[in-house]
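Notes follow the structure.
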Amino acid sequence: MRYVVSVDKSAELLRLAIPLMSRQATALHPVSYAVWYEYVALSNPGLRKAVDESLSEHGRLDEAKTYAIHRRHIAEVDPATAEQIADGFERVLTGVSHSATAAGTQAERYAQALGSLQAGLAHAAEEPVAEILRHTAKMAQAMADLQSRLKESQREILDLRSEVHRARHESLVDALTGLANRRAFDQQLATCLLAPNAASGAAGQPCLIMADIDHFKRVNDSYGHAFGDKVLKAVAQVLSSVAADAGTVARIGGEEFAILLPATPMARAEQLAERIRFTVASSCIRRSTGEEIDSVTVSLGVVAAQPQQLPNELLARADTALYVSKQGGRNRVTAA
Ligand SMILES: Nc1nc2c(ncn2[C@@H]2O[C@H](COP(=O)(O)OP(=O)(O)OP(=O)(O)O)[C@@H](O)[C@H]2O)c(=O)[nH]1
């Protein structure tokens with residue numbers, strides 16, 4: 001795992017992690033710090049959930065639990081690393097295979113040269129040369145066998161690589177809507193906030209739009225969960241068509257979406273949010289019976305990142321703006 005974090009932010013995370021870490025029934029060692037670092041950085045939702053669950057169940061994390069969480073959520077090879085490993089293996093195998101081919105070709109040439117030499121030799125020398133030829137033929141055969149085994153291994157590695165590639169893709173995509181999932185969004189948000197223009201607060205800072213479907217529970221309750229899923233897909237489609245060119249569109253919760261807009265003026269972000277609101281409200285979604293349902297609407301919150309802002313702070317500000325839209329009657333955009 002590679003951490004992309006500025007010195008200032010890492011100091012802030014250290015300051016946040018130490019009190020939490022020292023409250024546990026675990027010695028203060030690097031494994032424990034890694035767990036609490038990931039916890040306060042909000043970059044590893046699975047780990048955070050596991051820690052919270054463990055704390056609510058046992059009150060404190062002991063050594064065994066700390067190590068188990070570290071193993072499960074930090075130490076396991078992530079798909080990107082696995083892909084790099086597969087690439088590395090493939091490169092090594094390709095190199096060995098080329099060497100084996102070259103050695104095999106060389107052995108064949110050697111055998112041919114010996115063959116022509118044998119023809120020109122006196123009878124007395126024929127037997128030893130034939131012996132050498134037999135050995136050379138065996139060597140050439142062994143090279144050919146090695147080559148075919150290497151080719152087979154190469155094919156297996158290619159299969160493995162596409163499997164890892166697929167797993168990596170799936171680990172970052174929301175299966176229902178095809179949008180980026182929470183994990184992908186968290187990664188992009190962390191990276192985006194470390195970009196030089198975001199860190200300095202220069203013009204063109206990242207903006208975040210958060211959108212939530214209004215009264216979605218009613219949709220599920222009135223028309224069923226499957227239709228609710230259809231609505232989620234339809235809203236996701238609108239978000240993609242309006243904003244995919246401008247930034248990352250993600251489903252970050254059940255009926256909650258986020259759009260991360262790197263280096264975007266606030267006015268433009270507000271414009272996009274308004275277009276999303278309008279497009280969703282004017283879309284017509286039909287049930288399989290053909291019946292048109294009451295229009296689905298979304299409430300949105302829009303914020304621009306402040307200099308040195310942490311991901312959770314930006315998310316909390318967007319969430320507050322979204323809450324203002326809900327409180328104000330829904331189907332509206334609040335910029336804060
Ligand atoms: N169909 C479907 N429903 C989901 C999914 N994830 C979450 N939900 C539902 O989303 C609903 C969210 O409801 P609430 O958080 O109460 O909010 P709401 O009804 O949208 O109301 P407001 O947000 O206050 O406008 C719950 O009924 C969840 O069951 C999903 O993947 N598919």
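If you read the sequence from its start, that first residue is 1, and numbering goes on from there. Counting starts at 1 for both ligands and their atoms, following the listed order.
- At most 12 non-hydrogen atoms from other residues, nucleotides or ligands lie less than 6.0 angstrom from OH of Y323.
- Environment of CD in E274: crowded, with over 12 heavy atoms of neighbouring residues, nucleotides or ligands closer than 6.0 Å.
- Taking any N or O of F216, backbone or side chain, at least one lies under 3.5 Å from an N or O belonging to ligand 1.
- Proximity of D212 to ligand 1, defined as any heavy-atom pair under 4.0 Å, is confined to the side chain (atoms from C-beta onward).
- The protein heavy-atom contact nearest to atom 31 (O) of ligand 1 is R251 NH2, 2.7 Å.
- Of all the heavy atoms of K233, none lies under 4.0 Å from any atom of ligand 1, so neither backbone nor side chain is involved.
- Checked against the 6.0 Å centroid criterion, the rings of W36 and Y33 do not qualify as a close aromatic pair.
- Per-residue contacts place D214 under 4.0 angstrom from the following atoms of ligand 1 (heavy atoms of the residue considered): 25 (O).
- Look at K230 and you'll find every heavy atom at least 4.0 Å from all atoms of ligand 1.
- Residue contacts with ligand 1, taken as heavy atom pairs separated by less than 4.0 Å, involve I213 solely via the backbone atoms N, CA, C and O.
- Using a 4.0 Å cut-off between heavy atoms, N220 contacts ligand 1 through its side chain alone, with no backbone atom that close.
- Looking only at atom types and distance, the side chain of E53 has no donor-acceptor partner in the side chain of H58 under 3.5 Å away.
- Within the listing of ligand 1, atoms 6 (N), 7 (C) sit less than 4.0 angstrom from a heavy atom of G254.
- If you check which protein heavy atom lies closest to atom 13 (O) of ligand 1, you get K217 CB, 3.8 Å.
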